Every structure is written in structure tokens, then in C-alpha cells.
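Computed from a predicted model, the values in this text were never measured in an experiment.
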Amino acid sequence: AVPSPLGDRNKLRINHRHVFCGGQTATAVTACARLGLRTAYLGAFGDDEYGRLIKAQLEQEGVDLSHARVCQVPNRYAVILIDVHSGERMVLWDKDEQLSVPADAVDETVVRQARLVHVDDTGPSVALRAARLARAAGVPVTCDVDQVTSRTRDLLEAISIVIVAEHVPQQLTGLADHEQALRRLRAWHGGLLVVTLGARGCMALEDDHLHYAPGFAV
């Protein structure tokens, strides 16, 4: 079990407070844009201060938002508590259901024109449709999955390069050992399988070869 940043304390003074833009896929497309790649984001923004801030920053980074939508609800946000001594965090988040993007919002033409499609699991239906359209068009698909639901296996089967959080392989296979869990997943997925291990880096199974990369010290 990962220790809570709160420990056994229920009243703590805030040392520092920062407001940053984030989101799994939004962060990924921003990184790609900064590397000089053309990127587009399909998602939804709220019409409040946070929604306008994130939208403006993505536009500033050069991310194409012509396929995104603005909803008349507050934007999704998270309060992330970080213990500066251990580096551990706790994420408290909220999202209005009206921010969910329907699966039919995925433009098949846009998917076919992409060199790569990246999805997360915050909207399983739209992610699954985008992934399946991409695979059918021969476009590689990557993912960032950090939870297990009834749709997780369907989604991962549609992904070319599977990237999941540390606890996901065990929840899918019942195996605590990361290598054993990846090899069990190999039985129904032939692509590259990657599990992220926090400060310890990541492990990947490529065909039958296991790779390990240590984490960067930060």
C-alpha cells in the first residue's frame, strides 16, 4: 500500500499552492507539440475559469482544438496533495458527467489522417471507438490506463502499445509479480506491453523479451 501524504494527521498547513494545467492526454499532446509534432485534441472543456485557462494554454502550445467542445458546466479539476518529504501524492478530483464526450464525436477522417492516436481511460466509449478506428486504418494506438473497469480489457485489446499503471496488471491477472503479470497478458495481447512503476521506472514486454528502465531522479 502506498502511504498517504496525510499520514495520521488531519490538519496540515499548506506550504505552497500552485495552479497548473494537466490531464493525461492533454499533457501528452502538449509534450508532442513541444517536440515539433502536429497535434490535435478531442475532448471537452468547461466554461469556467479553469476550462478557459486549459483551452488557452493548449492553443498557445499549437494544439489543434477544432474537434474539441465547450460545455456549459465547470471544468474537470483535481486537487493534488504532495508530501514534500516522501514525494508521495494524493489526487482528489471531480468531473461533471456533461463533460463526457460521446463516441460518435470521433471523426473517422481525422483518425485516418493521424500518424498515431493516444487515448486514456477517462472516457472508455470514446477511447474504444477512436482506438478501433485507428487500428482498422493501420494507425498505431497508445494508451495511458490507470484503472480497471468492465471495459478495460476491450480497450486494451484495441491498443497497439499498451501502457498501464503499476496496479493494473495485477488487477487484470491476479499476479503480483510484474513480469509474470505481463507474460500472462501476452496470452491475449501480442503488442508491446508496458507497466509504469513510479520512482522505480518502467518494465516492458516486447515479444518474449523483458526490458526494464529505471526512473529519472527528480
Would you say the side chain of Arg89 lies within less than 4.5 Å of the side chain of Asp83, judging by non-hydrogen atoms? no
Taking all non-hydrogen atoms of both residues into account, name the closest pair between Thr173 and Ala181 and its distance. OG1-CB, 3.6 Å
I would like to know whether Arg38 and Cys32 meet side-chain contact (heavy atoms from CB on, under 4.5 Å); could you show each step before the answer? CA-CA 8 Å; Arg38 289 193 303 144; Cys32 290; over 6 Å; no
Should Ile161 and Leu116 be counted in the same cluster of Ile, Leu, Val, Met, Phe, Trp and Tyr side chains packed under 4.5 Å apart? no
Take Asp208 and Arg186 through the salt bridge (Lys or Arg N to Asp or Glu O under 4.0 Å) test and state the conclusion after the steps. CA-CA 9 Å; Asp208 195 41; Arg186 169 62 74 236; over 6 Å; no
So do Pro124 and Leu155 actually touch side chain to side chain, heavy atoms under 4.5 Å? no
Out of curiosity, does Val19 fall in the hydrophobic cluster containing Ile54 (side-chain heavy atoms, cut-off under 4.5 Å, transitive links)? no
Side-chain contact test, heavy atoms from C-beta onward, threshold under 4.5 Å: evaluate it for Val194 versus Val162 and give yes or no. no
Decide yes or no for Leu210 and Arg183: does some side-chain heavy atom of the first lie under 4.5 Å from some side-chain heavy atom of the second? yes
What closest approach, in Å, do Val139 and Arg112 show between heavy atoms, and which atom pair accounts for it? CG2-O, 4.2 Å
Under 4.5 Å between any side-chain heavy atoms of Trp188 and Leu156, yes or no? yes
If hydrophobic clusters are built by linking Ile, Leu, Val, Met, Phe, Trp and Tyr wherever their side-chain heavy atoms come under 4.5 Å apart, do Val164 and Ile159 end up in the same one? yes
In Å, rounded to the nearest 0.5 Å, how long is the span from CG of Leu175 to CD of Gln180? 6.0 Å
How about Arg135 and Ser160: do any of their side-chain heavy atoms sit closer than 4.5 Å? yes
Please tell me whether Val101 and Val141 are part of a single hydrophobic cluster in this structure, the criterion being side-chain heavy atoms less than 4.5 Å apart. yes
Quick check on side chain to side chain contact (heavy atoms under 4.5 Å, CB included): which of Leu128, Val110, Val111, Val117 does Leu133 satisfy it with? Val111
Which pair of heavy atoms, one from Arg132 and one from Ala158, lies closest together, and at what distance? CG-CB, 4.0 Å
Atom of Leu192, atom of Leu205 and distance for their closest heavy-atom approach: CD1-O, 3.5 Å
Ring geometry between His209 and His211 (parallel below 30°, tilted from 30 to 60°, perpendicular above 60°): tilted
For the student: nearest non-hydrogen atoms of Asp120 and Ala127, plus distance: O-CB, 3.4 Å
Ring-plane angle category for His18 and Phe20, please: parallel below 30°, perpendicular beyond 60°, tilted otherwise. parallel
Can you give me the closest heavy-atom contact between Glu61 and Ala33, atom names plus distance? O-CB, 3.6 Å
Any ion pair linking Asp47 and Arg52 (charged N to carboxylate O, less than 4.0 Å)? no
Do Trp93 and Arg76 have side-chain heavy atoms sitting under 4.5 Å apart? yes
Could you tell me whether the side chain of Val145 reaches within less than 4.5 Å of the side chain of Ile163, counting heavy atoms only? no
Check whether any side-chain N or O of His167 sits under 3.5 Å from a backbone N or O of Asp146 as a donor-acceptor pair, and report yes or no. yes
Using the rule that two of Ile, Leu, Val, Met, Phe, Trp, Tyr join whenever any of their side-chain heavy atoms come within less than 4.5 Å, decide whether Leu99 and Leu58 are in one cluster. no
Within the supplied structure, the quantity of interest is the number of heavy atoms (other residues, nucleotides, ligands) at a distance under 6.0 Å from Gln147 CD; does it exceed 12? yes
